[in-house]
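Below: one structure, written as structure tokens.
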Amino acid sequence: MKGLLLGLTAALASTAVNAQTANTTAELDANLMDNTKYCYYANEEYSEGSLMEQEDSLMQCVDTRDSESLVWRAYEPEQS
């Protein structure tokens, strides 16, 4: 019985450490994101002007001019 209790305690401690490590890693990833230089999709960086098909739409990473971040917007080809 003592061995079972010790094993359960060790397992719970291990789970708590793993959860804390995962949270710390996620927080670091969020801190490393720079929306002034990149758009993000599925944890990948895309530079300004990048095009991506999302569902049935073509999206482009653009500078909104009214904020300091790049965002995904529906692609509108430049008219000559």
### Heavy atoms of other groups near Gln54 CD, more than 12 under 6.0 Å
yes

### Task
Check whether any side-chain heavy atom of Asn35 lies under 4.5 Å from a side-chain heavy atom of Leu70, and answer yes or no.
no

### Message
Within the structure provided, determine whether Trp72 and Met52 are in side-chain contact (heavy-atom separation under 4.5 Å).
### Response
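Touching, per the 4.5 Å side-chain cut-off.
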
### Asp56: side chain to side chain donor-acceptor pair (under 3.5 Å) partners, not counting sequence neighbours
none

### Message
Can you pull out every salt bridge (charged side-chain N to carboxylate O under 4.0 Å, His left out) where at least one residue sits in residues 59-71? Sequence neighbours excluded, please.
### Response
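Matches after skipping sequence neighbours: Asp63-Arg65.
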
### Query
To the nearest 0.5 Å, how far apart are OG in Ser69 and NZ in Lys37?
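NZ of Lys37 is found 14.0 Å from OG of Ser69.
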
### Message
Working to the nearest 0.5 angstrom, can you tell me the gap between Cys39 SG and Glu48 CD?
### Response
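Result: 8.0 Å between the selected atoms.
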
### Query
Between Leu58 and Glu53, which heavy-atom pair has the shortest distance, and what is it?
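Nearest pair, atom of Leu58 first, then Glu53: CD1-N, 4.1 Å.
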
### Message
Considering only residues two or more places apart or on different chains, which pairs with a residue in residues 38-47 satisfy side chain to side chain donor-acceptor pair (under 3.5 Å)?
### Response
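Those involving residues 38-47 are Tyr40-Glu45.
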
